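First the structure, in the form of structure tokens, and then the observations on it.
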Amino acid sequence: MKPVLAVEDLTVTIGTRRGPAHAVAGVDWAVRPGETLALVGESGSGKSMSVLAATGLAPRTARVTGRVHLHDTELTGLTEERRRRLRGRHIGFVFQDPMTSLNPVLTVGRQVTEAAEEHLALTRRAARSRAVELLDLVGIPSAGQRVDAYPHQFSGGMRQRVVIAMALACEPDLLIADEPTTALDVTTQAQIVELVADLQQRLGTAVVWITHDLGVVAGIADTVAVMYGGRILEQGPVDAVFGAPSHPYTGALLAARPDPAAGGGDLVTIAGAPPSPLDLPAGCAFWPRCPVRGDARCEHELPPLVPVSAGHQVRTFYPKPSDGERR
Amino acid sequence: MARFVIRRLLQSAVVLLGVTVVVFLLLQLVPGDPVRVALGTRFDPQTYEALRARAGLDQPLVVQYFDYLRRALTGDLGVSFRSGRPVTAIVLERLPATLSLAVTAVVFAMLIAFPLGIVSAIRSGSLVDHAARVFSQFGVSVPDFWMGIMGILLFSGVLGWLPPSGYVALTEDPGRWASHVALPAATVGLVTASILTRFIRSSMLEVLSEDYVRTAEAKGLRTRVVVLRHVLRNALIPVVTVVAVQLASLLGGVIVIEVLFAWPGIGRLTYDAVAARDYPVLQGAVLLVAALFLLVNLLVDVLYARLDPRITVK
């Protein structure tokens, strides 16, 4: 099946006072209809920026190169006006903090349907009944009355449901969820994850889920891409990557997950800090923190992305041998 | 909403009462004897005492105040020491001139400040933005009387397009009213526009960096819709206060400008009343200005509630 959105060799360079920041330094990924791709990484790894830049939402000071295909349309070469017509229509967005991503002075109904009014030329009346329908779809009780309420009259979880309804207003082929559960409490997190998974099944939408929560990834994603220092270090089917992590970073990341069964022991951490996008290392970005450090190439030469098994690729000179049976 | 307005009106009445006390007491502290001034060279002790008694100035302060208040409540603000005419009439006849100058100036200011502030925020760092900042720096630093004089020299002296001073009532001749109000309103409005432009620009910039603006962009809305529906509506909330403060202070009279343009407004009246120690007129003028201030504040509160649903008018 052809991908809904495919990103090839995407780079994002942001001009700053201290020189160019390489937020994304060459990234390839693709998401197919009905599939969920998880982009995983620490803050500043470039996971959000790669998605924002691909869809034309990068800051004005950013320079974006590479190719981005939404179905058969190449996006990076388009004018902003053409890209605008595709955003919201074919791609829906859910952002991190529902407390700030809704406009406080407009009713939720208005905000849910304004994309549909813009792209599908709905009348105000049709838009209103569509708003009720959408709010109902995302599980907001008595949607008929709540449609005229303002965001501050909703709880955090309910607001995030509103944002999801908003993203789905034009029945997009792709939903981009940028850490949609980070700002919510744990029980609400689970509800939102379930809601998105359920809607995805019913509507057949492809989802790009940006997160640093590995637990969520294991639960909902089909494929995962682990990002670090603006590049993908490892990507492939979730079972393969999580079952047999091949990159030392992925291994360290999985080991750093708190394990409730182990009781109250110390949490495992990865020593050091991620590289600054202003000064990316010449070789492997993870080299300064890497427990392996095989030879001088690691420091001076960028490792290529090499396959380890079907669809599973890793960017290191020292991939951990895959033992596919271990789960 | 009606209950909110009524409650705010009652609160305003209390504030106004406080204003009468302060104004009354303050004037007692001002040196100079109004009766002496009124008599001038015709002074003799008998007439002096008789006049003092007629004005009630020989009574204790508290009695004088309550006497003043009782009559004020019936619309009688006393009689001018200078002309002997009722203060209420004197003050009210100055209102149209002040209102027309203040409102025209604020409208003029908004017509400049909104487009300029919005564009310079959206295109921040551009040529337009720099030009706008130079303009507003100029507007706030150049004294208004100098700008007024330059305006008279250019538009009246050199070009001969506008009269140099004077006032014609709007009801009398709208065309001549407009030609007379243009220069003073532009002079005052330019200062107001400079202040407003800065506020609108910074308020817009703040809102532009909000998450919900990115959400609006992610929906693929047109720039015009994002700016007007999402950014401006939120940016307006703090701007309304600034517009109101500017309007209220203009209603209080722009003394220098009114004197310069021979504009018979409240500012001019206050100036003359102070010079002549005409206490009743001064009290009346201050009271009217305070009432106008309170009215503008009430309007702002109502407007706030309309702009921001998080504010409830209960």
Side-chain angles (χ1 to χ4, degrees), chain A residues 48 51-52 55-61 80-108 110-120 148-153 159 162-163 166-170 172 175-178 183, chain B residues 1 118-130 200-201 203-241 300-314:
Chain A
S48 291
V51 175
L52 292 180
T55 52
L57 286 177
R60 260 195 294 166
T61 51
E80 171 49 26
E81 172 61 17
R82 293 278 309 280
R83 268 204 301 259
R84 175 186 74 73
R85 288 180 201 209
L86 298 171
R87 268 201 314 267
R89 172 71 191 85
H90 296 287
I91 309 172
F93 293 83
V94 178
F95 292 110
Q96 181 170 345
D97 189 351
M99 305 313 263
T100 56
S101 56
L102 287 169
N103 188 329
V105 304
L106 298 176
T107 64
V108 297
R110 188 90 181 84
Q111 295 188 64
V112 163
T113 52
E114 60 179 351
E117 282 170 54
E118 169 69 36
H119 300 294
L120 309 177
D148 293 320
Y150 289 93
H152 70 277
Q153 294 162 320
R159 286 193 198 192
V162 170
V163 176
M166 212 160 74
L168 295 174
C170 297
L175 186 69
I176 287 170
D178 190 352
Chain B
M1 184 61 106
I118 291 171
V119 171
S120 71
I122 297 171
R123 306 244 172 281
S124 93
S126 70
L127 215 62
V128 181
D129 184 27
H130 288 301
I200 293 169
R201 178 179 182 273
S203 182
M204 289 279 296
L205 276 178
E206 204 169 294
V207 176
L208 274 168
S209 66
E210 292 282 352
D211 281 355
Y212 55 78
V213 175
R214 185 181 57 178
T215 309
E217 279 167 355
K219 284 181 197 170
L221 302 178
R222 286 154 213 271
T223 309
R224 191 170 48 83
V225 176
V226 174
V227 169
L228 295 182
R229 189 186 296 160
H230 289 270
V231 183
L232 187 60
R233 185 88 201 266
N234 283 283
L236 267 183
I237 297 166
V239 169
V240 163
T241 319
V300 168
D301 284 348
V302 173
L303 210 58
Y304 258 9
R306 293 211 52 102
L307 282 172
D308 191 343
R310 287 167 297 184
I311 298 168
T312 47
V313 284
K314 271 187 219 141

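Just so it is clear, the model here is predicted, and its values are computed rather than measured. Letters A, B, ... are given to chains in the order of the sequence lines, protein chains preceding strands, and every chain is numbered from 1.
Minimum heavy-atom separation, B:Met204 to B:Ile122: CE-CG1, 4.4 Å. Residue B:His230 comes nearest to A:Asn103 through the heavy atom pair ND1-ND2, 3.0 Å, listed as atom of the first residue, atom of the second, then distance. Closest of all the heavy-atom pairs between B:Gly220 and A:Glu118 is O-CG, 3.8 Å.
Heavy atoms of A:Leu102 lying under 4.5 Å from chain B belong exclusively to its backbone. Heavy-atom distances place no part of B:Glu210 under 4.5 Å from chain A, backbone and side chain included. Residue contact with chain B, scored on non-hydrogen atoms closer than 4.5 Å, involves the side chain of A:Arg110 exclusively. Contact annotation for A:Gln111: both backbone and side-chain heavy atoms come within less than 4.5 Å of a heavy atom of chain B. For a residue to count as touching a neighbouring chain, one of its non-hydrogen atoms must lie under 4.5 Å from one of that chain's; by this rule B:Ile237 touches chain A with the side chain only.
Checked for salt-bridge contact, A:Arg85 and A:Glu81 meet the test: a charged N lies under 4.0 Å from a carboxylate O.
Interface check for chain B: of the options A:Pro104, A:Ala115, A:Pro172, the most heavy-atom pairs under 4.5 Å are formed by A:Pro104.
With contacts defined as side-chain heavy-atom distances shorter than 4.5 Å, the pair A:Leu86/A:Ile91 does not qualify.
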